Number of protein chains: 2
Amino acid sequence: MAKQPQSTVAVNARLTKGSQKVLQLLEKRNSLSTAQEIHSLLRNEDESAPGLTTVYRALESLVALGLVQSVELGDGEKRFELVTPGEHHHHLVCERCRESIHLDQCLVEDLESAIKTKYGFAVTGHILEIFGVCKRCK
Amino acid sequence: MAKQPQSTVAVNARLTKGSQKVLQLLEKRNSLSTAQEIHSLLRNEDESAPGLTTVYRALESLVALGLVQSVELGDGEKRFELVTPGEHHHHLVCERCRESIHLDQCLVEDLESAIKTKYGFAVTGHILEIFGVCKRCK
DNA sequence: GTAGAATTGAAAATCATTTTCAAAAGCGAC
DNA sequence: GTCGCTTTTGAAAATGATTTTCAATTCTAC
Ligand SMILES: [Mn+2]
Ligand SMILES: [Mn+2]
Ligand SMILES: [Zn+2]
Ligand SMILES: [Zn+2]
């Protein structure tokens, strides 16, 4: 997981228009969004916003650049959100209201060397999301 | 995550034929299998084995009974495997050979009370899978 | 401007999973 | 056994997110 501490602004110039639009949208949101949601939201405010295909492509490159992370919740739909460039984090996802709490530290990274020692397995990535009921919904 | 310490044998009687066939197949395998793989394997050895729809339904009920767990690897395909009834575990999945190491302890369950205290969030489930390169493939 | 490269998007394809719905199997009552 | 009813099964169709195609548009360099 190499970090890429490039400023969003610096990177922004090299992005395609579609990617810039998607990035801008994500900057305004604090929650996990599906590709289709992003597409709808963009189209709502601008008739000529990027098409769905372009949104998918934009998300792919933003993820590759480390500006956005893709989150797997186990339903068949990926979610996306802006992250600190090169970093990632996990969530507590409320099954009632679907809101999620962004965790500040990764529980898995700390374990990587122990896993290496015990199993000879070199960790390159992971999925971790926690489900339950949040304070408000309880 | 209530445990259901019913013996596989005891439960087996109440299962549909389709579920029994799927369960038997899973008992012979030590690896994660997709629904389609399970279906093919069954059909290979028996022309009249359950159809794909039945396999999906069988997996659903076996998971509900706690005999089988469903594993999310982030590609669009769920994997299934036999577990100690009512329990679950996570994996180190090799990206080269696709083999996976079954971990013996869950890293998340220990954290549930801390999460409750810190966030007022009542954990009911989670996804956790770790990717990388195994000893042999390295 | 002009040629060649990169970007875009509508429509079609893909593919795991779910739904439909009618046939087959199981089952208790008689 | 047979009748009537419930459960199970499975082929085919539907679903739905994502990917692929491919032709049109936009950029970029010269
Ligand atoms: Mn987040
Ligand atoms: Mn396992
Ligand atoms: Zn992490
Ligand atoms: Zn666990």
Side-chain angles (χ1 to χ4, degrees), chain A residues 11-26 31-65 67-81 93 98 127 129, chain B residues 11-26 31-65 67-81 93 98 127 129:
Chain A
V11 168
N12 196 64
R14 278 174 268 136
L15 296 176
T16 63
K17 272 185 192 153
S19 295
Q20 288 177 24
K21 287 279 172 54
V22 170
L23 190 57
Q24 281 162 33
L25 194 280
L26 289 178
S31 53
L32 299 169
S33 320
T34 66
Q36 322 238 12
E37 281 167 356
I38 293 166
H39 175 247
S40 298
L41 289 167
L42 286 173
R43 278 278 160 108
N44 279 2
E45 54 186 42
D46 180 3
E47 168 72 35
S48 69
L52 187 54
T53 312
T54 300
V55 170
Y56 274 107
R57 283 189 282 234
L59 288 169
E60 189 184 6
S61 56
L62 292 171
V63 169
L65 286 168
L67 301 181
V68 166
Q69 77 174 344
S70 159
V71 175
E72 185 60 60
L73 298 187
D75 57 354
E77 222 170 345
K78 289 207 172 72
R79 314 298 158 110
F80 300 88
E81 71 178 332
V93 182
R98 289 274 114 192
I127 331 182
E129 301 299 328
Chain B
V11 169
N12 197 66
R14 279 172 268 138
L15 297 176
T16 63
K17 272 184 192 156
S19 294
Q20 288 177 23
K21 287 278 171 55
V22 171
L23 189 58
Q24 280 162 34
L25 195 278
L26 289 178
S31 53
L32 298 169
S33 320
T34 66
Q36 322 238 10
E37 281 167 355
I38 293 166
H39 175 248
S40 298
L41 289 166
L42 286 173
R43 277 279 160 108
N44 279 2
E45 55 186 41
D46 180 3
E47 169 73 36
S48 70
L52 187 53
T53 311
T54 301
V55 169
Y56 274 108
R57 282 190 283 233
L59 288 168
E60 188 184 6
S61 56
L62 292 171
V63 168
L65 286 168
L67 302 181
V68 166
Q69 76 174 344
S70 159
V71 175
E72 184 60 60
L73 298 187
D75 58 353
E77 222 170 345
K78 289 210 171 70
R79 314 298 158 110
F80 299 88
E81 70 178 332
V93 182
R98 289 274 114 190
I127 344 180
E129 301 299 328

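Both backbone and side-chain heavy atoms feed into the values below; hydrogens, waters and symmetry mates do not. In what follows, chains carry the letters A, B, and so on, assigned in the order in which the sequence lines appear, proteins first and then strands, with residues in each chain numbered from 1. Being a predicted model, the structure only gives us computed values, none of them experimental.
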Exercise. Under the side chain to side chain contact (heavy atoms under 4.5 Å, CB included) criterion, do Thr54(B) and Thr16(B) qualify, and how do the steps go?
Worked result: CA-CA 10 Å; Thr54(B) 301; Thr16(B) 63; 5.8 Å; no

Exercise. Between atom CG in Leu59(A) and atom P in dG9(C), what is the gap in whole Å?
Worked result: 13 Å

Problem set entry | side-chain N/O Lys17(A) vs dA6(C) OP1/OP2, d < 4.0 Å | no

Exercise. Taking all non-hydrogen atoms of both residues, which atom of Leu62(B) and which atom of Ser19(B) are closest, and how far apart?
Worked result: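 The pair with the smallest heavy-atom distance is CD1-O, 3.9 Å.
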
Exercise. Got Leu15(B) and Leu65(B) here, is their nearest side-chain heavy-atom distance under 4.5 Å?
Worked result: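 Yes, at least one pair of side-chain atoms sits under 4.5 Å.
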
For this session: Taking the side chain as every heavy atom from C-beta outward, state whether Thr34(A) and Leu73(A) have any atom pair closer than 4.5 Å.
Result: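 They are not in contact (no side-chain heavy atoms under 4.5 Å apart), so the answer is no.
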
For this session: Could you please spell out the steps behind the side chain to side chain contact (heavy atoms under 4.5 Å, CB included) verdict for Leu23(B) and Gln20(B)?
Result: CA-CA 5 Å; Leu23(B) 189 58; Gln20(B) 288 177 23; 5.6 Å; no

For this session: Check side-chain contact (heavy atoms from CB on, under 4.5 Å) between Glu81(B) and all other residues, then give those that pass, not counting sequence neighbours.
Result: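 For Glu81(B) the side-chain contact (heavy atoms from CB on, under 4.5 Å) partners, ignoring immediate neighbours, are Leu32(B), Gln69(B), Val71(B), Val83(B), His89(B), His91(B), His102(B).
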
Seminar exercise, completed: In the 5' to 3' direction, the nucleotides of DNA chain D bounding the stretch that comes under 4.0 Å of a heavy atom in chain B are dT8(D) to dA12(D)

Problem set entry | Chi angles and distances behind the side chain to side chain contact (heavy atoms under 4.5 Å, CB included) call for Val93(A), Ile127(B) | CA-CA 11 Å; Val93(A) 182; Ile127(B) 344 180; over 6 Å; no

Show me the protein contacts with nucleotides 13-17 of chain C, counting only N or O atoms at under 3.5 Å.
residue: dA16(C); atom: O5'; partner: Gln36(B); partner atom: NE2; Å: 3.4
residue: dA16(C); atom: O3'; partner: Gly76(B); partner atom: O; Å: 3.4
residue: dT17(C); atom: OP1; partner: Lys78(B); partner atom: N; Å: 2.9
residue: dT17(C); atom: OP2; partner: Tyr56(B); partner atom: OH; Å: 2.5
residue: dT17(C); atom: O5'; partner: Tyr56(B); partner atom: OH; Å: 3.3

For this session: Report the C-alpha distance between Lys21(B) and Asp46(B) in whole Å, list the side-chain angles of each, state the deciding distance to 0.1 Å, and finish with yes or no for side chain to side chain contact (heavy atoms under 4.5 Å, CB included).
Result: CA-CA 10 Å; Lys21(B) 287 278 171 55; Asp46(B) 180 3; 4.2 Å; yes

